[in-house]
Amino acid sequence: MKRGCVTLVTPSHAGDLERFLLQRESIERCGIDLPHIALVDDEDIPLFQSIPFQRGLTLLSSRELLPPAVEARRKAWGARRRELRYWLHRPPIHGWYVQQLLKLGAASRIETEGMVCLDSDTFFVGRAVDSDFFTASGKLHLYASEEDNDVEMAEWVARSMDFLGVSKGGQKNWRYTHSPVPLHVDSVRKMQAFITDRHKRHWMDAMALGDRIMEYSTYGVFARNVLNLEFQEPVVPSLCTYYWWPTQAATLADDFLARVKAEGTRLVLINSNIGRGVGDYRALVEQTWPR
């Protein structure tokens, strides 16, 4: 395993292709040499194999990472009652949760010490290198913050504590859901084994059958409360500028360049749910890339 190195990991699908293409182009335009793995629904692999900007990119399909029963439950999502798969593969798993399982499952295929998870709606506006995700002491960053937590994210952490058997007494209300998210690969593998042993079933089945057990909060709780930060060091995330809410989208054309410059940003997340397509902001993004 390559110590002090990271691999970029992005779950995606056909509906996110335009955003993923922007992410891939931004990686090459910004001169980023980090290996990149895209986790793609099995039926979408041919589409992703034909895209440009594939330097350093590896495609992994859901069929390669999910156990057959979980893959069948993924495909059963959206099936109608008259279809056989509706009855055979219960309960079905929504795509947004499948992506969480794929991200954690990718740890089995990664050869670097860390993996940095990106959503398809995140792209680069500056060069990033391995050392951006490690402290001076050599520990991988654990992105954790307090002041920006909301009720929903706090509930995710509480559920992860129950799921892992961690006492909630005296705990701070940490937020572990950010963009991007560095994960220590060996710690993810340890977490998978821990969950399998605790719940007496494959870790994916345990998480998918649980009550909204979220991947980042579960990893954060495991790293802090089970591994006692042996391999991670908590850091307030600072690399990414967010356009998360519709109110932020309304000012995108006016403040994008100013925010990117003022905040020392390397990445930008423009939430796919705020109603803006890549065409609405591509010209702005191009102004941030080296010429």
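Counting begins at 1 with the first residue of the sequence. All values derive from a computational prediction rather than experimental measurement.
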hydrophobic_cluster_shared for L269 and M153, side chain cutoff 4.5 Å:
no
What about V98 and L183, same hydrophobic cluster or not, with Ile/Leu/Val/Met/Phe/Trp/Tyr joined at side-chain heavy-atom distances under 4.5 Å?
yes
What do the steps show when you test R29 against F53 for side chain to side chain contact (heavy atoms under 4.5 Å, CB included), and what is the final call?
CA-CA 9 Å; R29 299 293 188 196; F53 303 108; 3.9 Å; yes
Mind running salt bridge (charged side-chain N to carboxylate O under 4.0 Å, His left out) on R212 and E155 for me, showing each step along the way?
CA-CA 9 Å; R212 288 175 66 82; E155 188 175 16; over 6 Å; no
Can you hop from L142 to V236 via hydrophobic side chains spaced under 4.5 Å?
no
Rounded distance [0.5 Å steps], CZ in F133 versus SG in C5
12.0 Å
Just how far is it from atom NZ of K190 to atom NE2 of H184, taken to the nearest 0.5 Å?
8.5 Å
For W244 and Y242, take the angle between the two ring planes, folded into 0 to 90°, and tell me which bin it lands in: parallel under 30, tilted 30 to 60, perpendicular over 60.
perpendicular
So, are E71 and R63 salt-bridged, with charged N and O less than 4.0 Å apart?
no
Between CE of M161 and OG of S217, what distance do you get to the nearest 0.5 Å?
9.5 Å
Side-chain heavy atoms of F194 within contact of L227, under 4.5 Å
no
For N225 and Q171, test the side chains for any donor-to-acceptor distance below 3.5 angstrom and give the result as yes or no.
yes
Is it true that R282 and E25 have a side-chain N and a carboxylate O under 4.0 angstrom from each other?
yes
So which heavy atom on P46 is nearest to which on E43, and how close?
CD-O, 3.7 Å
Just verifying a value: how many Å separate L101 CG and L39 CG, rounded to the nearest 0.5 Å?
11.5 Å
Examine F256 and F124 and state if one hydrophobic cluster contains both, with Ile, Leu, Val, Met, Phe, Trp and Tyr joined whenever side-chain heavy atoms are less than 4.5 Å apart.
no
Between V157 and Y176 the two heavy atoms that sit nearest each other are CG2-CD1, 4.1 Å
Considering non-hydrogen atoms only, spot the tightest contact between P246 and I274 and give its length.
N-CG2, 4.0 Å
Keeping the roles fixed (side chain from E233, backbone from T135), state whether a donor-acceptor pair exists under 3.5 Å.
no
Looking at every heavy atom in both G105 and M204, which two are closest together, and how far apart are they?
CA-CE, 4.2 Å
Using modelled atom types only, decide if a donor and an acceptor are shared between the side chain of R266 and the backbone of R127 within a distance under 3.5 Å.
yes
Is the shortest heavy-atom distance from the side chain of F48 to the side chain of L57 under 4.5 Å?
no
What's the shortest heavy-atom distance between W174 and A144, and which atoms?
CE3-CB, 4.0 Å
Output yes when a side-chain donor or acceptor of S120 lies under 3.5 Å from a complementary backbone atom of P11, and no otherwise.
yes
Run the numbers on R259 and T265 for side chain to side chain contact (heavy atoms under 4.5 Å, CB included), then give the verdict.
CA-CA 8 Å; R259 285 191 64 190; T265 298; over 6 Å; no
Contact between R19 and V278 at the side-chain level, heavy atoms closer than 4.5 Å - yes or no?
yes
Of Q100, K103, H178, the residue whose pairing with Y216 passes side-chain hydrogen bond (donor to acceptor under 3.5 Å, both in side chains)
K103
As a quick check of understanding, evaluate side chain to side chain contact (heavy atoms under 4.5 Å, CB included) for T112 and D130, giving each step before the final call.
CA-CA 10 Å; T112 55; D130 296 292; 6.0 Å; no
Of all heavy-atom pairs linking A107 and V185, the shortest is O-CG1, 3.6 Å
K139 vs F134 side-chain heavy atoms within contact, under 4.5 Å
no
For D121 and Y243, test the side chains for any donor-to-acceptor distance below 3.5 angstrom and give the result as yes or no.
no
Mind checking whether H36 and R24 have side chains closer than 4.5 Å, heavy atoms only?
yes
Hydrophobic clusters here meaning ILVMFWY residues chained together by side-chain heavy-atom distances under 4.5 Å, can you tell me if L209 and M214 are in one?
no
Check: V40 and Q49 side chains under 4.5 Å, non-hydrogen atoms
no
Measuring from atom OG1 of T10 to atom CG of D119, what distance do you get when rounded to the nearest 0.5 angstrom?
8.0 Å
Sidechain N-carboxylate O distance under 4.0 Å for R74, D41
yes
Looking at CZ of R224 and CD of Q232, how far apart are the two atoms once the value is rounded to the nearest 0.5 Å?
10.0 Å
When you compare the side chain of V285 with that of S26, does any pair of heavy atoms fall below 4.5 Å?
no
Look only at the side chain of H13 and the backbone of G15, and say whether a donor-acceptor pair between them is shorter than 3.5 Å.
yes
Under the 3.5 angstrom rule, does the side chain of D162 hit a backbone N or O of R159 as a donor-acceptor pair?
no
Enclosure of E111 CD (heavy-atom neighbours >12, cutoff 6.0 Å)
no
Looking at the rings of F163 and H199, which for Trp means the six-membered one, are their centres under 6.0 Å apart?
yes
I want to check something: taking the side chain as every heavy atom from C-beta on, are C30 and T288 in contact at a cut-off of under 4.5 Å?
no
With distance as the sole test, does T7 use its side chain to make a donor-acceptor pair with the main-chain N or O of M115 at under 3.5 Å?
no
Is it true that D255 and T251 share a donor-acceptor pair across their side chains at a distance under 3.5 Å?
yes
CA sep, side-chain torsions, deciding dist, call: I270, F123, side chain to side chain contact (heavy atoms under 4.5 Å, CB included):
CA-CA 9 Å; I270 298 182; F123 53 86; 3.9 Å; yes
